[in-house]
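Here's the structure we're looking at; comments come further down.
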Number of protein chains: 2
Amino acid sequence: MISQTEENYLKALFILANENGETGVNELSKFLGIKMPTVTSMMKSLADKNLVRYITYKPVILTVTGKKEAASIIRKHRLTEMYLVEKMGFGWDEVHEIAEQVEHVKSNALFDKMDEALDFPKFDPHGAPIPDKNGKIDFPDQRKLSECKVGETIQLSGVIHSSDVFLKFLNSKNLKLGTILTVQLIEAFDGTRELSYDERTAEILSEIACEKLLVQNLKHI
Amino acid sequence: MISQTEENYLKALFILANENGETGVNELSKFLGIKMPTVTSMMKSLADKNLVRYITYKPVILTVTGKKEAASIIRKHRLTEMYLVEKMGFGWDEVHEIAEQVEHVKSNALFDKMDEALDFPKFDPHGAPIPDKNGKIDFPDQRKLSECKVGETIQLSGVIHSSDVFLKFLNSKNLKLGTILTVQLIEAFDGTRELSYDERTAEILSEIACEKLLVQNLKHI
DNA sequence: ATATAAAGTTAGATATCACTAACAAAATTA
DNA sequence: TAATTTTGTTAGTGATATCTAACTTTATAT
């Protein structure tokens, strides 16, 4: 049996994994807000349970089993977020904390029912992909808004590490997933962007904000 | 902050409380499946937090705060059960385990939304009363089916400590909350009952089963 | 009224998950 | 390459929540 605490470590490892699928202990420690020695000892215990591959002083890698468990938790989290927004009337800025708790509920039936009620969604309310029952994720072809050039017209498709403060900020600017944006100008000295969308012709967004927004090319049907 | 474990003790104390609102350590221990010494030490710690009144060798009593906390958890549990049955298509025999976990979610908003979506229900799918936001419970005028005399016609209104096995058994007999029953016969030697309801004229139920069923007098409108 | 049974407590052990302090290895920079 | 910084580990501590073994108190029965 995997504890709630262990599940949180696995989820973090899944989210933080870079190209090689590796994560440093320090990175994990900062992400979880747990001190490094605690993380080190947890890595040993997860390695004993065959959920991670761990050699002292080397970065940590999820095993196949660990990856599957992690994907399952992320699936539960994202389905819950989507259910709360679509079926219960919550705002996208209100669901993270609740999903953080509901994701640990041991009942496949519950999440399968959510999945069905939502007609098997591929993305959560923040545009993050939802793993299917087998742990497979359909990564969309997204890049950061901060990487777009002047003149590009793209569609807002995701939000990174969405804190509720940031999401409320987006609400105040009327920026939603699906909004079609054109980059009008990039301020050379601080990277501030001027964007147009809807009826707004010159909305200003900081570079920091643009790094947290994911966009897709428009789909020509 | 009250831990999940502590919440389970409070809930148990609320449910087990007799006339005086007291519960013995042994009774609690058996109910929770936790050994007595563990229960004793938890009672000390809950007393330190002012959630119970506890004197060694005496039964335990919930304080006003403790009672309020307990009622809140029971409210969450029963609202969840009702939501799962009414809004998500689960059977009444499938929801206890899930609610047992969801009840610990820290978010009043979640349960208030359920409450609203269900139009502020007074009872859960097993006929147990749902405390309101202030912890008040509307106890219905119920007695056990085993206490009814021959010839009485009453309405099934609740099920006690509903294990899924027992609920599946009721399903198989087509017994539901609201079913109108007449006691046709009480077998003197073992208390077996013969009941009529729907088109069934002589359904047999053991005394043990009848002790787990709660009934109300018919409401003459 | 004493013996026995039931209920309850104390003491000491264990597992999990967190911490700090001190040290060691690896990476970076001068 | 040597010094410094960053990263990571070890050792030891503490809180929580569980257990068993041994003992005590209260209740029950003969």
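Model, not experiment: these values are computed from the prediction. As a basis for the values below, the full set of heavy atoms in this structure was taken, side chains included, without hydrogen atoms, waters or symmetry mates. Below, chain A is the first sequence line, B the second, and so on; all start at residue 1.
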* Check whether the side chains of B/Ser157 and B/Gln142 place a donor and an acceptor atom closer than 3.5 Å, and report yes or no. =>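 Yes, B/Gln142 and B/Ser157 have a side-chain donor paired with an acceptor closer than 3.5 Å.
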* How about A/His104 and A/Asn8: does a side-chain donor come under 3.5 Å of a side-chain acceptor? -> yes
* **NZ/NE/NH1/NH2 to OD/OE distance under 4.0 Å, A/Arg78 and A/Asp115** => no
* Report yes or no: does A/Glu211 contribute a side-chain atom to a donor-acceptor pair with the main-chain N or O of A/Ile208 at less than 3.5 Å? => no
* Asked: Name the one of B/Ile2, B/Val64, B/Leu62 that satisfies side chain to side chain contact (heavy atoms under 4.5 Å, CB included) with B/Leu51?
  -> B/Ile2
Restricting to nitrogen or oxygen on both sides, can you table the protein-nucleotides 14-18 of chain D pairs closer than 3.5 Å?
from	atom 1	to	atom 2	distance (Å)
D/dA17	OP1	B/Ser3	OG	2.6
D/dT18	OP2	B/Tyr9	OH	3.1

* Asked: How is B/Lys44 classified with respect to the nucleic acid when contacts are heavy atoms under 4.0 Å: base, sugar-phosphate, or nothing?
  -> sugar-phosphate
* If you look at every strand shown and take non-hydrogen atoms under 4.0 Å, does A/Thr40 touch a base, only sugar-phosphate, or nothing? ->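 Base contact.
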* So B/Tyr83 and A/Tyr83, would you call those rings parallel, tilted or perpendicular, with 30° and 60° as cut-offs? -> perpendicular
* To do: Round to the nearest Å and state the distance from A/Glu27 atom CD to D/dG8 atom P.
  => 9 Å
* 5' to 3' on DNA chain C, which nucleotides open and close the contacts with chain A (atom under 4.0 Å from a heavy atom)? ->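 The contact span of chain A on DNA chain C goes from C/dC17 to C/dA25.
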* Asked: Do B/His126 and B/His96 make the cut of ring centroids closer than 6.0 angstrom?
  -> no
* To do: Answer yes or no: does atom CD1 of A/Ile204 have more than 12 heavy-atom neighbours from other residues, nucleotides or ligands under 6.0 Å?
  =>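 Yes.
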